Each structure stands twice: as C-alpha cells, then as structure tokens.
Number of protein chains: 2
Amino acid sequence: MFSDATISRMPLYLRELQQLHRAGQTRVQSGVLAKRLGLNDSQVRRDLSGFGSLGQRGVGYDVKGLIQTIQNTLGSDRSWNVILVGVGNLGRALSGYRGFEQQGFRLVGVFDSDPGKIGTKLGLLTIRPLEEIDDLVQSEDVELAIVSVPANAAVSVAHRLEMAGITGILNFAPVTVSKPQSSTTVVNVDLAVELQRLAFAVMKSKE
Amino acid sequence: MFSDATISRMPLYLRELQQLHRAGQTRVQSGVLAKRLGLNDSQVRRDLSGFGSLGQRGVGYDVKGLIQTIQNTLGSDRSWNVILVGVGNLGRALSGYRGFEQQGFRLVGVFDSDPGKIGTKLGLLTIRPLEEIDDLVQSEDVELAIVSVPANAAVSVAHRLEMAGITGILNFAPVTVSKPQSSTTVVNVDLAVELQRLAFAVMKSKE
DNA sequence: TAGATTGTTAATCGATTAACAATC
DNA sequence: TAGATTGTTAATCGATTAACAATC
C-alpha cells in the first residue's frame, strides 16, 4: 500500500497539517504542502492517494480529515508507551522533549546501569536498573524504547529490549543496531553522523 | 563522482572504520562493513570505488588508508567551527555532545534570544545574543550552525545565519528549513518525526 | 596454484516527476 | 462555464543488487 519512502514522509505531512490546523486553515493543496516540505507536488498527491480519494479536485484537501485519516491508518490516534534507556546528557534532554508527548508518546520508565543514578528522579520518574526492564515492559505494555547509552553498551541493551518484547527501538547510540532476523524495528539516529552528513554535503556543494 | 545516497553513507563507513581501527584491525572486507551497517556488500564496494582502487582483491581494504582517503576527500581531516543557536534542554545536551568534537567539530559560540540566559555560561562558552552572530561568524570563520530553537523562530534564525555567511545548518527545530534559492545546505533532524517514523514502521510491520 | 575478494558491468528494482484527463 | 487541482498513468531517473572477470 505505502512504500517505505512514503511512510517515512508521513510524519512530516502530519506535522505540517497539524501546524496548518492550529493556524486555522481548513483546506490545503498538494502544492502548498510540497513547498513547505521541499517536495514535488506530484509526490505529495501520490503519497496521499494511498489513503483513497481524500482531496477534492479544484479545491484541495480537508486539513482536519487528512490528519485523522493519517493518524487512524498509521496508529498515531492512540498513545504509545515508551521507555528510555540511558540517562546521560542526551537522555535527559530526550526525556523532557515536549514533541514526544504532543504526538501521543508517553514516557513510562527510565533506566540506567549506573548505581549512582538509580533511585534518583528524572522528571516525575525514578531511574531504575536495567534488570527491571522486563517487568515494566510487561506491566505497562511498553512497545517502544529510546536508547541513549554509550556505543559499547547499545548492542546488548538492544538485545535485552528485544527479549523483553519491545517492538521498536529509536537508537541514538553511535552504532547501527540492526537485527536482520528479529522482528524488532530499529530507527538509528547518530547525531555526529548527521553533522558530518551536513559537512560532507557542504563540501560537495562547493566543488 | 559520488551520489547523494553514497555521500550520506560516508559518515557511517567512517564511523565503523574508526571503530575497527581503534580495535586494532588493519584490514576489512566489504562484506564485514556491509554486515555492520545492514547494507549489501556490492553496495559497499560500489560506494568505495568512487575513491579509486583502494582495496586489494582477495584481501580487502586497508582500514587506516581508507579512513584517510575518506577524510581527505570529504573534508573531515580538518576541523570545522560550529555555533549553536538556541540553548534549551536539547541545545544544552548538544553543546556537550562528545561525538561532535571527536569528529573535528569545534563549538566556538552559543546564542540565545532569552535575556535571562545571555551572559551565563554554557560549558566554557558564554551565551550571547543573536545580534552578535554576524561578528563571530566573521571573526572565527564559522561555517556550520546547529539550530535548536522553537519552531516559530527557526525560519528567521535560519535566514539570519544565511545572511551571516553560514554555509551549513543542522536544524533540530520541528520545521523543514529549506531555502531552494540559497546556497546554504540544510540537514533537518526532527526528533518527534523520528519517533513517529519508528511507530509507523512498527505499525506497517504488524500488518 | 587455489581461494578470496575486489572493481565494474548489466539487470533489476523502486522512487520521483511530468503530464493530463477527470472533476470539483 | 472557466479555473483550479486532484488522481493516476507513463516516462524518467536514480539507486540497489547480482554476477563475474580480474587479480591479489
């Protein structure tokens, strides 16, 4: 139904649509969305056509209806329980990141291996040892985990999460966590890699 | 010479090669790199072939030599001066992120619009008002900026950075900053979008 | 030499884009 | 009706992969 490329653009459409909705817009055209996201208008129509005929020719798309359809189809109408593993600088910032809860992600547990951190508070939550991951995943029906541990710990943490029944991992550790045989989905975000991508793209554009 | 897709994988190759180098490995094969990054071995050879014939048939690639070639070609043998604009939770975490300096990125200035923050310290640097961006970009030859301001400020900040002569922006604000007509390169990283991509991919895999 | 692995071509696959009939 | 914009097809473009000769 939807290609991987289309799926990965859906959160962007959703974000723009929600912004338009907040700004009081009731309709939007493919060209407008395309411009805001730096895409081609054909691409936007093609991406959205997967939902069926939602637009009105000559008029555009209904902002509210489109938001609801995307959310319904892709599961962001409900909330997801999330845990955070690794409470360093980045982990702390991620735990307080407003954008997550705004999209229906509920942080229900935070974990670290450092005995000095265990038992202390992070926001409203108490930092717990990794050994308690299984229990919480069971009791709270946790599906997603954010991993911000050091590189050398990431693979074993990912394995533990998988064993605990986590179905999705957002990995910020500077290693590619990919388990080809497993059913756990992983999205890797390496901040240093992103900055280097920028630098490389700048170099290339200067040629 | 290099496709965009290849360029965006280069930081990943570099990261794995540096890890192998630290671990004392002197040689590596395309299949090994592929496995670590979840890629196809043909793809790795094709990506690396852009540098010329660096491998030895029957043997593999020289780890150290490959690192140096990538760095030389793509400008990560030198250091880049970087500024940070927006000192919230995320900005603070980014300013202390070890991965940046390890790859030759030097944070030379931090800026915020909040008078309450201006003049206070962030690590070794003093937070300054946005008005001083131009001066610092000139005096320190700054090429890259990390933007972690609220969504509504991001576009005007990006514009200011562009005017100041910044050539690359790593944008963490939840808006797509793209200036089609400008020569400034932008890489957008929206953390909420990444988490949602994960959730959508999980939904899709469950179908 | 035999085995391994690269470099590179050609085939495949998937994603983007242009174009336009359908229709609001 | 005239103008605008969708939905969808067909064409294009680019990226991935399989395969294998070259060669260490």
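Please read all numbers here as calculations on a predicted model, not as lab measurements. In what follows, chains carry the letters A, B, and so on, assigned in the order in which the sequence lines appear, proteins first and then strands, with residues in each chain numbered from 1.
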Next item on the list: Look at all strands and tell whether A:Leu39 reaches a base, only sugar-phosphate, or nothing, counting heavy atoms closer than 4.0 Å.
Entry: nothing
Check: Taking both distances under 3.5 Å as the test for a Watson-Crick or G-U pair, what stems of at least three pairs does DNA chain C have?
Finding: C:3-24 with D:3-24
Notebook entry, point to check: Side chain of A:Arg46, base of D:dT8: donor and acceptor closer than 3.5 Å?
Noted result: no
Item checked: Closest contact, heavy atoms only, B:Ser205 versus A:Thr185 -> OG-OG1, 4.0 Å
Check: NA contact type, B:Leu54, heavy-atom cut-off 4.0 Å: base, sugar-phosphate, or nothing?
Finding: sugar-phosphate
Checklist line | Worked check of side chain to side chain contact (heavy atoms under 4.5 Å, CB included) between B:Ser148 and B:Leu84 | finding: CA-CA 8 Å; B:Ser148 58; B:Leu84 170 74; 3.8 Å; yes
Note to self: With no hydrogens and no angle check, just 3.5 Å: does a side-chain donor-acceptor pair link B:Asp141 and B:Asn81?
What the structure shows: no
Next item on the list: Mind calculating the distance between CG (A:Leu48) and P (D:dT5) to the nearest angstrom?
Entry: 15 Å
Notebook entry, point to check: When you measure from the side chain of A:Asn40, which nucleotide among D:dA15, C:dA15, C:dT17 comes out closest?
Noted result: C:dT17
Next item on the list: Kindly say if B:Ser42 contacts the phosphate of D:dT16, meaning a side-chain N or O under 4.0 Å from OP1 or OP2.
Entry: no
Next item on the list: In whole angstrom, give the distance that lies between atom CZ of A:Arg9 and atom C1' of C:dT17.
Entry: 12 Å
Notebook entry, point to check: For A:Arg27, which contact category applies under a 4.0 Å heavy-atom criterion: base, sugar-phosphate, or nothing?
Noted result: nothing
Notebook entry, point to check: Relative to the ring of B:Phe51, is the ring of B:Phe2 parallel (under 30°), tilted (30 to 60°) or perpendicular (over 60°)?
Noted result: tilted
Check: Hey, are B:Arg15 and A:Gln196 close enough side-chain-wise for a donor-acceptor pair under 3.5 Å?
Finding: no
Item checked: Atom pair distance, as rounded to whole Å: CG in B:Asp41 and P in C:dA4 -> 15 Å
Item checked: Carboxylate-amine/guanidinium contact A:Lys204 B:Asp4, below 4.0 Å -> yes
Margin query: Of the listed nucleotides (C:dT6, C:dT8, C:dA19), which one gets closest to any side-chain atom of A:Arg45?
Written below: C:dA19
Check: Using a cut-off of 4.0 Å on non-hydrogen atoms, how would the nucleic acid contact of A:Ser3 be classed: base, sugar-phosphate, or nothing?
Finding: sugar-phosphate
Notebook entry, point to check: Can you tell me how far C1' of C:dA15 sits from CG of B:Asp4, to the nearest Å?
Noted result: 14 Å
Next item on the list: Tell me, with the steps shown, if A:Leu37 and A:Val44 meet side chain to side chain contact (heavy atoms under 4.5 Å, CB included).
Entry: CA-CA 10 Å; A:Leu37 291 168; A:Val44 172; over 6 Å; no
Check: For the side chain of A:Tyr61, counting heavy atoms from C-beta on, which of C:dT6, C:dT8, D:dG7 is nearest?
Finding: D:dG7
Next item on the list: Please figure out whether B:Val28 or A:Asp47 has its closest DNA chain C nucleotide nearer the 5' end.
Entry: B:Val28
Check: How many Å lie between CD on B:Gln43 and P on C:dA10, as a whole number?
Finding: 20 Å
Margin query: Determine whether a donor-acceptor pair (one donor, one acceptor, N or O, separation below 3.5 Å) exists between the side chain of A:Arg57 and the base of D:dT6.
Written below: yes
Notebook entry, point to check: B:Asn89 and A:Tyr97: side-chain donor and acceptor closer than 3.5 Å?
Noted result: no
Margin query: Categorize A:Ser30 for me: base, sugar-phosphate, or nothing, with a 4.0 angstrom heavy-atom threshold over every strand shown.
Written below: sugar-phosphate
Check: Could you state the CZ-P distance from A:Phe2 to C:dA15, rounded to the nearest angstrom?
Finding: 13 Å
Check: Picking from D:dC24, C:dT17, D:dA18, which would you name as closest to the side chain of B:Gln56?
Finding: D:dC24
Check: Relative to the 5' end of DNA chain D, which residue comes earlier, A:Val59 or A:Ser49, by the nucleotide with the nearest heavy atom?
Finding: A:Val59
Next item on the list: Starting at atom CD of B:Gln29, determine the distance to atom C1' of D:dT23, rounded to an integer number of angstrom.
Entry: 16 Å
